[in-house]
Amino acid sequence: MKIRQATASDADEIARIINAAFEIEREFRRGERTSPSEVLTSMSRNHEIFLVAEEGDRLTGAVEVRVDGDAGYFGMLAVDASVRRGGIGRALVEAAEAHCRSAGCSIMTMSTGENRTELIPYYEKMGYRVTAVEPSTNPAFKYPIRVVNMEKPL
């Protein structure tokens, strides 16, 4: 497996992997999690990239990474269902942390919906700790949910 920075030609596949992984959120989310055009827009912003996991010529995972001053952020971590539980998610998070550390970040942040109870222990095993739980104002949700903010020193 190789992890690399995504290019514009990866946008369709990144959106496919993320939307498939976030299908579990259909119960409380309206529509798809992202789209190829949203991925491209994110890639065009300063200090924002996607990292992808690649096996041969096939993308198997993706994560959005942002740098904001001394804080890094990762989101939309997704791994293709056929290769989950093989360490790709952890490798992508570690690569996101390394990217942010090299950009001068001293802390890594992320957030998840409180409804995704399986994810909080997953991130805690990687050293993340809950810093706040707050109501979401995102109109993408069908009903009010709470967002769990987590962080880890780099």
Side-chain angles (χ1 to χ4, degrees), residues 1-29 31-45 47-68 71-131 136 138 140-141 145 147-154:
M1 175 190 56
K2 172 184 164 187
I3 295 180
R4 63 171 174 80
Q5 186 170 330
T7 64
S9 66
D10 297 317
D12 288 343
E13 193 62 7
I14 289 169
R16 184 197 67 76
I17 290 168
I18 290 170
N19 288 331
F22 281 77
E23 185 65 27
I24 193 169
E25 294 186 356
R26 282 282 186 191
E27 166 193 331
F28 56 90
R29 177 180 289 282
E32 298 287 329
R33 176 64 183 86
T34 194
S35 68
S37 64
E38 287 174 356
V39 170
L40 289 170
T41 298
S42 294
M43 285 180 176
S44 71
R45 292 186 188 123
H47 311 293
E48 187 166 351
I49 65 168
F50 277 85
L51 295 173
V52 291
E54 188 174 54
E55 292 187 28
D57 60 353
R58 179 175 165 244
L59 295 188
T60 56
V63 65
E64 174 191 30
V65 186
R66 292 193 300 249
V67 173
D68 185 12
Y73 173 83
F74 77 87
M76 293 194 282
L77 176 65
V79 176
D80 190 87
S82 66
V83 292
R84 282 191 196 134
R85 305 194 72 76
I88 294 171
R90 177 178 289 274
L92 283 164
V93 170
E94 289 171 355
E97 292 169 352
H99 172 80
C100 291
R101 194 177 297 111
S102 71
C105 297
S106 59
I107 195 160
M108 193 72 172
T109 63
M110 57 82 55
S111 61
T112 188
E114 187 176 54
N115 304 46
R116 298 294 307 273
T117 56
E118 76 284 8
L119 295 180
I120 295 164
Y122 174 77
Y123 294 122
E124 286 176 332
K125 287 179 189 173
M126 287 190 268
Y128 287 82
R129 297 293 168 249
V130 174
T131 58
S136 173
N138 189 331
F141 298 116
I145 70 163
V147 174
V148 178
N149 297 310
M150 301 181 82
E151 68 180 39
K152 171 184 177 175
L154 291 178

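Numbering of residues begins at 1 and proceeds along the displayed sequence.
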To the nearest 0.5 Å, what is the distance between [atom1] on [X] and [atom2] on [Y]?
| X | Y | atom1 | atom2 | result |
| --- | --- | --- | --- | --- |
| I49 | T7 | CD1 | OG1 | 12.0 Å |
| E13 | I18 | CD | CD1 | 10.5 Å |
| M110 | Y73 | CE | OH | 7.0 Å |
| H99 | R101 | NE2 | CZ | 12.0 Å |
| C105 | E97 | SG | CD | 11.0 Å |
| L119 | E114 | CG | CD | 12.5 Å |

Give me the atom names and distance for the closest heavy-atom approach of [X] to [Y].
| X | Y | result |
| --- | --- | --- |
| A103 | V67 | CB-CG2, 3.9 Å |
| A96 | V65 | CB-CG2, 3.6 Å |
| A6 | V52 | CB-CG1, 3.9 Å |
| S42 | E64 | OG-OE2, 3.9 Å |
| S44 | T41 | OG-O, 2.7 Å |
| L92 | I3 | N-CD1, 3.8 Å |

Checking side-chain polar atoms at under 3.5 Å, does S136 have a donor or acceptor matched by the opposite partner on N138?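 The criterion, which ignores hydrogens and geometry beyond distance, is not satisfied for N138 and S136.
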
Considering residues, nucleotides and ligands other than D68, do more than 12 of their heavy atoms fall under 6.0 Å from its CG?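 Atom CG in D68 is not packed in, count stays at 12 or less.
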
Answer yes or no: is there a side-chain heavy-atom contact under 4.5 Å between H47 and R66?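 They are not in contact (no side-chain heavy atoms under 4.5 Å apart), so the answer is no.
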
Below 4.5 Å, heavy atoms only, C-beta onward: do Q5 and D10 meet side chain to side chain?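 Heavy-atom side-chain distance check fails, nothing below 4.5 Å.
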
Give a yes or no on whether the backbone of [Y] and the side-chain of [X] come within a donor-acceptor separation of less than 3.5 Å.
| X | Y | result |
| --- | --- | --- |
| N149 | S111 | no |
| T60 | D80 | no |
| N19 | S35 | no |
| R29 | A140 | no |
| Y122 | R90 | yes |
| R129 | E124 | yes |

Under the criterion side-chain contact (heavy atoms from CB on, under 4.5 Å), I'd like the reasoning laid out for M76 against F50: C-alpha separation, chi angles, the key distance, then a yes or no. CA-CA 10 Å; M76 293 194 282; F50 277 85; 3.8 Å; yes

Using the side-chain contact (heavy atoms from CB on, under 4.5 Å) rule, pick out the option among I120, T109, V93 that qualifies with Y128.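 Among I120, T109, V93, the one meeting side-chain contact (heavy atoms from CB on, under 4.5 Å) with Y128 is V93.
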
M43 and I14: CA distance, side-chain angles, deciding distance, side-chain contact (heavy atoms from CB on, under 4.5 Å) verdict: CA-CA 12 Å; M43 285 180 176; I14 289 169; 3.7 Å; yes

Taking R58 first and then E55, would you say they form a salt bridge - that is, a charged N and a carboxylate O separated by under 4.0 Å?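 Not counted as a salt bridge, because no side-chain N and carboxylate O are separated by less than 4.0 Å.
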
Presence of salt bridge, E118 and R116, under 4.0 angstrom: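 Salt bridge: yes.
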
